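A quick note: this is a predicted structure, and the numbers were derived from the prediction, not measured. Letters A, B, ... are given to chains in the order of the sequence lines, protein chains preceding strands, and every chain is numbered from 1.
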Amino acid sequence: MNIMREKLIIALAGAAAILLAYNLYNIFLVLPDEIAQGYMYRIIYFHVPAAWVGMIGFFAAMTLSVLYLAGGNFRYDSLAASIVEVSVVFSTVNLVTGSIWGRVQWGIWWTWDYRLTSQLVCVLTFAGYLMMRRAIDEPTQRARLSAALTIFGCFNVVIVWKSIEWFRNNHPGPVISFRTGGGKMDPAMEHMLFLNFLALTVVATALTLVRARQEATAREIDSLRRAAHV
Amino acid sequence: MTLLVQAFAVARKDLAIELRTRESLTAAGSFAIVILLLFSFTFDPFSDESNEFGGGLLWLSFAFAGALVFNRGFARELPNECLDTLLASPLSGAALVMGKAIANFAMLLVVELVSLIVFGIFYDVHWLSESAWLSVVFALATWGVAILGAVFGAFTVNLRLRELMLPVIIYPLMIPLLIAAIELTNAVLSRQPLSGQMQWIRVLIASDIGFTTLAWVLADTILVN
């Protein structure tokens, strides 16, 4: 089982490297500049997929948390914690790239726009989740409270997701064709956006599996330590 | 129905203890007033800005003062194993959390009323004529904050660094509620029509319903000791 997982991690890392190399070549050397933003628009290929990976990760963690609460299997808890950790990183990448893009396009590093604020709130919520896990020693209590906090946090993620449509703000509206019906983004550029989303998803999956392996090992060491002290 | 009866019994118990000891109310009320005093140094308190920023000052002071109330909610049950006794009783987890939320709600409303009176005097803001709309906004926002306080008071009651972990976890979750409450309070204090602020009312109602439902469903999971 462990050998299979090792092979899977290596295969995913290899696939991610090939996909990223192909995408970077196309993003920087093949695709033309955007008419209004010029060279700078290319940050969208990292900014938007990082947000998607983060969002999907938070919802995947919520699903795993529900599964943990339903069955009590610690594997779901380890996987949920690993996914949240990776998703926090990707959401931070989204915030940082958005900030750089905002500096170039709007002339400011940050604006208290509802979408930006909500994404920051999301990152802070799940950073609190990671801190809370460190503050609880007992594995069952840690898993149970983490699962409940993930579900509460995801309620906030829904507000983040919908806020772009609920509120007036500086952040651009949806541009992807499945949300707008098309016409907002060149099909070749949109295709590359999806390809880089795929690449970042594979990177995130590989990182999650590495992290989940560490979580499982930590749990095993912890149970051995407890057994030794009984 | 049983849940509501049980919840009100828990709330009545907590409020009776609070009335006798006044440990949370005195601390939270004083803290809120100190924060309002400190904010008065950041701009001219008698300018028109008081109406524009009033909502922000008030809700930030309520949020900070609220943490003191929420920390005591479940921590009050720790001495003499009272929490274990409550959990072993026929009381459902949901009733216990709802009862704590009702007690938080009542205590926060008292703190808010006192702060509002002090705010009106310190900042020369005439809010009495708008008290009907303010009551609606305060009731909706305070319930959301109170239910979060009850849930995360239960979360953190057995944690190391309880007093530090509660604000770290609760404030990010509270932000949508706080933004909506601040925008609505500013609109009411500036005498703007609330018809243009309906999206914020929707945020408050959605948050109240969402957090209450989650608290009800997850209460037993959070409270298992």
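- By the neighbour-count criterion of 12 heavy atoms within 6.0 Å, atom OH of A/Tyr68 is densely surrounded, having more than that number from other residues, nucleotides or ligands.
- Only the side chain of B/Val151 has a heavy atom closer than 4.5 Å to any heavy atom of chain A.
- Put simply, CG on B/Leu164 and CE on A/Met131 are 8.0 Å apart, with the number rounded to the nearest 0.5 Å.
- Ring orientation note: the planes of B/Phe211 and A/Phe152 are close to parallel, at an angle under 30° on the 30°/60° scale.
- Between A/Gly128 and B/Met165 the shortest heavy-atom distance is O-CE, 4.2 Å.
- Both the backbone and the side chain of B/Leu214 come within contact range of chain A, each with at least one heavy atom under 4.5 Å from a heavy atom of that chain.
- Minimum heavy-atom separation, A/Leu124 to B/Pro172: CB-CG, 3.9 Å.
- Here the shortest heavy-atom pairing between B/Ile222 and A/Ala148 reads CG1-CB, 4.0 Å.
- To the nearest 0.5 angstrom, B/Thr213 atom OG1 is 8.0 Å from A/Phe155 atom CZ.
- Residues of residues 60-71 of chain B having a heavy atom under 4.5 Å from any heavy atom of chain A: none.
- With a threshold of 4.5 angstrom between heavy atoms, B/Leu148 approaches chain A through side-chain atoms but not through N, CA, C or O.
- Residue contact with chain A, scored on non-hydrogen atoms closer than 4.5 Å, is absent for B/Tyr171.
- The CE atom of B/Met174 sits 11.5 Å away from the OG1 atom of A/Thr125 when rounded to the nearest 0.5 Å.
- The neighbour count for A/Met40 CE, taken as heavy atoms of other residues, nucleotides or ligands under 6.0 Å away, is above 12.
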Exercise for the section: Evaluate the criterion side chain to side chain contact (heavy atoms under 4.5 Å, CB included) for residue pair A/Tyr129 and B/Ile169; output intermediate values, then yes/no. Expected result: CA-CA 7 Å; A/Tyr129 164 99; B/Ile169 296 172; over 6 Å; no
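- Interface remark: A/Arg134 contributes backbone atoms only to the contact with chain B (heavy atom separation under 4.5 Å).
- Residue A/Trp101 qualifies as enclosed at atom CH2: its count of foreign heavy atoms under 6.0 Å is above 12.
- The number of heavy-atom neighbours closer than 6.0 Å to CZ of A/Phe74, taken from other residues, nucleotides and ligands shown, is above 12.
- Of the two parts of A/Leu149, the backbone and the side chain both hold a non-hydrogen atom closer than 4.5 Å to a non-hydrogen atom of chain B.
- Taking CG of A/Leu145 as the reference point, atom CG of B/Leu159 lies at 6.5 Å (rounded to 0.5 Å).
- Only the side chain of A/Leu69 comes within contact range of chain B, with heavy atoms under 4.5 Å apart.
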